[in-house]
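Worksheet: one structure, shown below.
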Amino acid sequence: MRIAVVGSGYVGLVAGACFADLGHDVILVDNDKEKLAALKDGQVPIHEKFLPELLNRHRGQRLSFSDDLEQAVRACSAIFIAVGTPSTEQGEADLSYVESVARQITGGVEEYKVIVEKSTVPVYTSEWIRKIILRNGASPESFDVASNPEFLREGTAVTDFLFPDRIVVGCDNDRCAAVLREIYEPLTSGTYYKRADAIPQPDRASIPAPIIVTSTKSAELIKHASNAFLAMKISFINAVASMCESVGASVNQVCHGIGTDSRIGPRFLNPGIGYGGSCFPKDVMAFRAVARECGYDFRLLDEVMRINEDQRHRFLRKVRSALWTLRGKHLGVLGLAFKGGTDDIRESPAILIVQSLLQEGCKITAYDPAAMERTREVMNSGIKFVNSAYEAATAADALLILTEWEEFANLDLNRLNTELKYPIVIDGRNLYDPEVMAASGFTYYSVGRAASHPEGVPALKNGTHKA
Ligand code: NAD
């Protein structure tokens, strides 16, 4: 199959590289000329495991790059739209990039094409795409619009794409569904997984990948509802974590107790500093707006957003209660990306916390394995970037853990203790056991668990310790 993917960002680039790995000929289209030049030159613009291998494998063979959308549409049978759908000021999805692509696609629609929404879009978007393409002169039989929402997570995007829990395909007729079934056939038949050069299988893979074929509107709703549900799960456990802190219970024990109920499940019950990234915040807001437009007042989602924001403020209060005054304090920060495994800092709670601390007069020394370059582009005063977790800790009044990178969970605690001016760790990701931290000489704060202190350091009533 010849496939065009429009938008070579986190989703488009991964989808394009994976489609090539499934045996398709792919043209990746973008209007960012610098990005295209870098891709043609062999560079990999985002940090994503296995992506460099796939790009090397297929660049110049099954995978090409272009800024000529019309030409790409002419050459391909399926056109995936994977451009951004950011929030408007009112919290709705801004669909202007999608509309602009739909308009440009029309010129290349001659023989039958399937136009596929890969971007996360509100219900009814497929109908709008269809209207725009018809309005610009394509004939009604020359194309169909399908929805194929993407569920990949940054950090594990390639394996999520190739080993999905399910593939959702929303089509309103069999002809269009047949094209999408053919594209994903190597995954749904399982032939891809038998190949010696297949990307290694992660834990918990559903093989062969299940495919769910629905109406286009249902598929559009599935994506928004999934993200809203996951965000709700995070806010729910964060609210429970706050209760645990009030009564002196352990959120780990509570999560274990509720997560072993098979109706609930253990995944996504990780309390922390709240969700962020380019998807959950905007998708929950957009889903709220869609619901309003459809006549349903989905107030549950307001509460999900409120708890999420409050979680960051609670963490900042914890920093204040650990350190008393903040002006002039030197803080080491581990993690800037919105989650581990990615360089994406869009809506990162870590960045929002660092910005608040800078405003309060703290001096920040930060380390992130992948996101420092992007952070430098948006923040350059008051923050010093260093090359290791230990350097970030050096002479700091306290160390803050803000992103759950694996390497932050395996630090040499003796070394960390030596580097810090005061052995205080405030962990927004619950990477350590409070008892182990206390035994290693740290005063340790985390989320939904009591603060722990080294022996001989008396705790104050509010959880801080006498320095
Ligand atoms: P992104 O900003 O990383 O990439 C978008 C790309 O589209 C950019 O390279 C941009 O230059 C390009 N673009 C914009 N307008 C264009 C045009 N007219 N023609 C050609 N290219 C154009 O965005 P992303 O994170 O890949 O997200 C894309 C969509 O996928 C969004 O709707 C998002 O909600 C959804 N999604 C994202 C993720 C994720 O983890 N990032 C996961 C699932 C779904």
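Throughout, numbering of the chain's residues begins at 1 and tracks the sequence. For ligands, and for the atoms within them, numbers begin at 1 and follow the listed sequence.
- Looking at Ser215 and Ser218, their side chains do bring a donor and an acceptor atom within 3.5 Å of each other.
- Under the 4.5 Å side-chain criterion, counting only non-hydrogen atoms from C-beta, Asp344 is in contact with Tyr10.
- Contacts between Arg346 and ligand 1 below 4.0 angstrom, taking non-hydrogen atoms only, involve the side chain exclusively.
- For Ser8 and Lys35, the side-chain atoms include no donor-acceptor pair closer than 3.5 Å.
- Considering backbone and side-chain N/O atoms, Asp344 never comes within less than 3.5 Å of an N/O atom of ligand 1.
- Under the 3.5 Å distance criterion, with hydrogens and angles disregarded, no donor-acceptor pair is assigned to the side chains of Ser235 and Asn308.
- With a heavy-atom cut-off of 4.0 Å, Tyr97 touches ligand 1 through its side chain alone.
- Residue Asp32 has no nitrogen or oxygen atom sitting less than 3.5 Å from a nitrogen or oxygen atom of ligand 1, judged on distance alone.
- With salt bridges taken as basic N to acidic carboxylate O contacts below 4.0 Å, none links Glu53 and Arg57.
- The nearest heavy-atom contact from the protein to atom 5 (C) of ligand 1 is Gly84 N, 3.8 Å.
- Taking all heavy atoms of Glu34, His224, Gln104, Glu150 into account, the minimum distance to atom 43 (C) of ligand 1 is reached by Glu150.
- Among protein heavy atoms, atom 22 (C) of ligand 1 sits closest to Asn31 OD1, 3.3 Å.
- Defined by atom type and a distance below 3.5 Å, a donor-acceptor pair is present between the side-chain atoms of Ser446 and Arg449.
- There is a side-chain donor-acceptor pair under 3.5 Å between Arg314 and Ser242.
- The existence of a salt bridge linking Asp427 and Arg429 is excluded, since no basic side-chain nitrogen approaches an acidic carboxylate oxygen closer than 4.0 Å.
- Note on Lys223 versus Glu117: no salt bridge recorded, every NZ/NE/NH1/NH2 to OD/OE distance being 4.0 Å or above.
- Scanning all protein heavy atoms for the shortest distance to atom 36 (N) of ligand 1 gives Val11 CG2, 3.4 Å.
- With a heavy-atom cut-off of 4.0 Å, Pro149 does not touch ligand 1 at all.
- The nearest protein atom to atom 12 (C) of ligand 1, hydrogens excluded, is given as Asp30 OD2, 3.3 Å; this is a heavy-atom distance.
- Protein heavy atom closest to atom 40 (O) of ligand 1, with residue, atom name and distance, is Glu154 OE2, 3.3 Å.
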Dump the intermediate steps for ring pair (Phe, Tyr, Trp, His ring centres under 6.0 Å) on Tyr184 and Phe19, then the final yes or no.
-> CA-CA 8 Å; Tyr184 285 108; Phe19 283 145; 5.8 Å; yes

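- In Leu69, neither the side chain nor the backbone holds a heavy atom less than 4.0 Å from any atom of ligand 1.
- With a 4.0 Å heavy-atom cut-off, ligand 1 is reached by the side chain of Cys279 but not by its N, CA, C or O.
- Nearest to atom 44 (C) of ligand 1 among the protein's heavy atoms is Thr120 OG1, 3.5 Å.
- Taking a cutoff of 4.0 Å between a charged side-chain nitrogen and a carboxylate oxygen, Arg74 and Glu110 qualify as a salt bridge.
- In terms of N/O distances under 3.5 Å, ligand 1 is not approached by Arg153.
- For atom 33 (C) of ligand 1, the closest non-hydrogen atom of the protein is Lys282 NZ, 3.8 Å.
- Nearest non-hydrogen protein atom to atom 29 (C) of ligand 1 is Val83 O, 3.4 Å.
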